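Reading through the structure tokens given below for one structure.
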Amino acid sequence: MTTEKIALTPATHTAPPAKFSHGVRKGNILQVAGQVGFLPAVEGQAPVVAGPTLREQTLQTFANVKAILEEGGASWDDVMMTRVYLTDVDHFAEMNAIYNQYFQEEGLKAPASARTTVYVGLPAGLLIEIDALAVLG
């Protein structure tokens with residue numbers, strides 16, 4: 001097992017807008033940076049939000065987190081902790097319903113990860129951000 005720190009950027013993602021990585025793996029630890037509901041990258045085009053609804057953005061955000069997990073050799077079953085950042089406290093119940101349905105449909109084998117949910121400001125039009133910490137092996 002390598003102890004080298006490896007930056008992860010799936011083909012579906014553009015380069016980050018600042019000096020950070022979408023994901024980083026070192027040994028059996030993989031940290032996914034906060035992801036938002038941007039559709040897969042199209043070269044030469046600015047990022048596009050999946051849609052105006054919390055559901056559209058949450059499902060795309062999950063897809064973006066999953067792409068980084070897979071790029072680093074992990075899956076949702078390896079995730080120990082997720083952090084959900086919402087822009088509106090009124091979205092909490094809807095996000096929980098989407099979250100539960102998503103992981104049921106994913107067929108999560110391991111116990112569910114720990115989770116924290118907080119309320120934050122995000123750039124205009126973005127409703128949710130999610131990060132994840134995975135431990136492999």
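Given the structure is predicted, the values throughout are model-derived calculations rather than measurements. In this chain, residues are counted from 1 in sequence order.
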Give the minimum heavy-atom separation between [X] and [Y], together with the two atoms involved.
| X | Y | value |
| --- | --- | --- |
| A33 | S21 | CB-O, 3.4 Å |
| T3 | K26 | O-CE, 2.8 Å |
| F62 | W76 | O-CZ2, 3.6 Å |
| Q57 | L127 | OE1-N, 2.8 Å |
| I130 | V65 | O-CG2, 3.7 Å |
| G73 | L136 | O-CD2, 3.1 Å |

Checklist entry - Are any of the side-chain nitrogens in E106 or K66 under 4.0 Å away from the carboxylate oxygens of its partner? => result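 Here E106 pairs with K66 in a salt bridge, since their nearest N and O are under 4.0 Å apart.
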
State, without any angle test, whether [X] and [Y] hold a side-chain donor-acceptor pair at a distance under 3.5 Å.
| X | Y | result |
| --- | --- | --- |
| E71 | H22 | no |
| T82 | Y99 | yes |
| E56 | Q60 | no |

Would you say [Y] ends up clustered with [X] if hydrophobic residues are merged whenever their side chains have heavy atoms under 4.5 Å apart, either directly or through other cluster members?
| X | Y | value |
| --- | --- | --- |
| M95 | V89 | yes |
| F20 | L8 | no |
| I68 | V24 | no |
| V32 | L39 | no |
| Y119 | V36 | no |

Item to check | side-chain contact (heavy atoms from CB on, under 4.5 Å) evaluation trace for V84 with I128 | outcome: CA-CA 7 Å; V84 178; I128 187 167; 3.8 Å; yes

Next on the checklist: What verdict does the side-chain contact (heavy atoms from CB on, under 4.5 Å) test give for R55 and L59, after you've listed the backbone C-alpha separation in whole Å, the side-chain angles of each residue and the deciding distance to 0.1 Å?
Outcome noted: CA-CA 6 Å; R55 179 170 198 73; L59 293 176; 4.0 Å; yes

Output the distance between atom [atom1] ([X]) and atom [atom2] ([Y]), rounded to the nearest 0.5 Å.
| X | Y | atom1 | atom2 | value |
| --- | --- | --- | --- | --- |
| Q35 | N64 | CD | CG | 5.5 Å |
| Y85 | T61 | OH | OG1 | 12.5 Å |
| Q45 | T14 | CD | OG1 | 11.5 Å |
| L69 | R25 | CG | CZ | 11.0 Å |

Checklist entry - Would L122 and E129 count as a side-chain contact (heavy atoms from CB on, under 4.5 Å) if you check the C-alpha gap in whole Å, the side-chain angles of each, and the deciding distance to 0.1 Å? => result CA-CA 8 Å; L122 291 172; E129 181 173 340; 3.0 Å; yes

Checklist entry - Crowded around M80 CE? As in, over 12 foreign heavy atoms under 6.0 Å? => result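 Counting neighbours around CE of M80, 12 or fewer heavy atoms of other residues, nucleotides or ligands fall under 6.0 Å, so no.
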
Side-chain contact test, heavy atoms from C-beta onward, threshold under 4.5 Å: evaluate it for [X] versus [Y] and give yes or no.
| X | Y | answer |
| --- | --- | --- |
| L86 | L54 | yes |
| F38 | V49 | yes |
| L30 | V79 | no |

Next on the checklist: Using the side chain to side chain donor-acceptor pair (under 3.5 Å) definition, which of the options T116, T117, D131 pairs with R83?
Outcome noted: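 Of the listed residues T116, T117, D131, the side chain to side chain donor-acceptor pair (under 3.5 Å) partner of R83 is D131.
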
Item to check | Under 3.5 Å: donor-acceptor pair, side chain of D78, backbone of S75 | outcome: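 At least one qualifying donor-acceptor pair exists.
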
Next on the checklist: Go through it in stages, so that I can follow the logic: the residues are T58 and T53, the test is side-chain contact (heavy atoms from CB on, under 4.5 Å), and I'd like the CA-CA distance, side-chain angles, deciding distance and then a yes or no.
Outcome noted: CA-CA 9 Å; T58 301; T53 70; over 6 Å; no

